[in-house]
Amino acid sequence: NVSEFSILDTVIGLAVALVIGLFIFIIYKKTLTGVLYSSGFALTLVGLSLVTTLVIMAVTSNVVLSLGMVGALSIVRFRTAIKDPMDLAFLFWTISVGIICGAGLFEVAVEASILITIVMLLLHFVPNVKPALLLLVNGTDSKIQAELEQVLKDGTRFYKIKSRNMTGTGIDMIVELKTKDEGALMEKVLAIPAVE
């Protein structure tokens, strides 16, 4: 049995999904933090909102069609790797807008999109915490470790020895650290005798 299906409702639903999809597209371009911008992915966000809206409209109008759609979609396999976790957030946002518009809840789609936009912009402009640095020290004498650790205690906020390889002729160390003045720390480390 097909429930009441209106061309006008379909056009309105697709129009709202298109406008919100274009809005998501613009927000994606403005908040992109990745190295490489993919225009194909950005355009997919617009198309995905429209396709999801159509699928939900078809599913809600016919019970038999909804069962067939579930079966058809269950065999789809997506093999493309998502390189940036924020891309995944935009994909879910787009799919959610399509589902909400397909259900005819246009006000909810607009309000949710405004709220998500505010959150995305706030997250975009929050400064990133500076990651820890890795210091690789090559020394010709394995006895430099104590002196190096003293320099690290004095010149860093945090340090942790991640790897140490000692041989009869020297030592190699990898140290994870956080410091405000990298240049001064490097000068102190290079001033240690036997550090290459």
Side-chain angles (χ1 to χ4, degrees), residues 1-134 157-158 160 162 176 178:
N1 295 327
V2 178
S3 64
E4 194 176 311
F5 190 76
S6 165
I7 297 295
L8 181 62
D9 290 341
T10 305
V11 170
I12 291 172
L14 288 174
V16 173
L18 177 63
V19 169
I20 297 175
L22 288 170
F23 178 72
I24 294 171
F25 169 79
I26 292 167
I27 298 300
Y28 176 73
K29 283 184 76 170
K30 295 290 183 191
T31 61
L32 180 70
T33 57
V35 178
L36 186 63
Y37 169 73
S38 170
S39 60
F41 178 79
L43 293 174
T44 300
L45 294 174
V46 179
L48 193 58
S49 65
L50 294 173
V51 170
T52 309
T53 301
L54 277 175
V55 168
I56 296 301
M57 286 180 173
V59 165
T60 57
S61 67
N62 189 330
V63 175
V64 175
L65 184 60
S66 67
L67 293 174
M69 194 70 73
V70 168
L73 292 176
S74 68
I75 63 170
V76 176
R77 297 284 185 267
F78 297 101
R79 302 266 182 207
T80 304
I82 301 294
K83 294 174 180 62
D84 188 359
M86 284 304 289
D87 289 354
L88 198 57
F90 279 96
L91 276 175
F92 277 115
W93 182 9
T94 304
I95 292 169
S96 300
V97 163
I99 291 171
I100 295 168
C101 287
L105 304 170
F106 307 124
E107 292 175 3
V108 174
V110 171
E111 292 167 1
S113 293
I114 290 171
L115 180 65
I116 292 170
T117 299
I118 292 169
V119 171
M120 290 286 194
L121 290 175
L122 286 175
L123 291 175
H124 178 69
F125 292 112
V126 168
N128 291 334
V129 177
K130 190 175 178 184
L133 302 171
L134 290 178
R157 290 181 284 145
F158 156 82
K160 180 179 181 183
K162 300 295 271 185
E176 181 181 11
K178 288 189 177 185

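Phe41 pairs by the ring-ring contact (aromatic ring centres under 6.0 Å, His included) definition with Tyr28, not counting sequence neighbours. Remark: Lys162 pairs with Lys160, Ile174, Glu176 by the side-chain contact (heavy atoms from CB on, under 4.5 Å) rule, at least two apart or across chains.
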*asked:* With side chain to side chain contact (heavy atoms under 4.5 Å, CB included) as the criterion, how do Ile116 and Phe90 come out once you've worked through the C-alpha distance, each side chain's angles and the decisive distance to 0.1 Å?
replied: CA-CA 10 Å; Ile116 292 170; Phe90 279 96; over 6 Å; no
Taking it one step at a time, do Phe106 and Ile100 satisfy side chain to side chain contact (heavy atoms under 4.5 Å, CB included)? CA-CA 7 Å; Phe106 307 124; Ile100 295 168; over 6 Å; no
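When all heavy atoms are compared, the tightest approach of Gly98 to Ile56 is O-CG1, 4.4 Å. Nearest heavy atoms, Leu54 versus Leu14: CG-CD2, 3.8 Å. In plain terms, the two heavy atoms of Cys101 and Ala109 that are nearest each other are SG-CB, 3.9 Å. Of all heavy-atom pairs between Ala89 and Met120, the closest is CB-CE, 3.8 Å. Closest non-hydrogen pair, Ile95 versus Leu48, comes out as CG1-CD2, 3.6 Å. Of all non-hydrogen atoms in Val97 and Ser113, the two that sit nearest each other are CG2-OG, 3.6 Å.
A distance of 12.0 Å separates CD1 in Ile118 from CG in Leu123, rounded to the nearest 0.5 Å. To the nearest 0.5 Å, atoms CD1 (Ile27) and CG (Leu121) are separated by 5.0 Å. Atoms NZ and CG, on Lys178 and Leu133 in that order, are 9.5 Å from each other to the nearest 0.5 Å. In this structure, the separation between CG on Leu45 and CZ on Phe23 is 13.0 Å, given to the nearest 0.5 Å. Atoms CD1 and OG1, from Ile24 and Thr117 in turn, are 7.5 Å apart once rounded to the nearest 0.5 Å. The CG atom of Leu50 sits 8.0 Å away from atom CG of Leu22, with the distance rounded to the nearest 0.5 Å.
Between Thr52 and Thr94, the closest side-chain pair of non-hydrogen atoms is not below 4.5 Å. Side-chain contact between Thr10 and Met57 is present, with heavy atoms from C-beta onward closer than 4.5 Å.
Formation of a donor-acceptor pair under 3.5 Å by the Ser49 side chain with backbone atoms of Val46 is found in this model.
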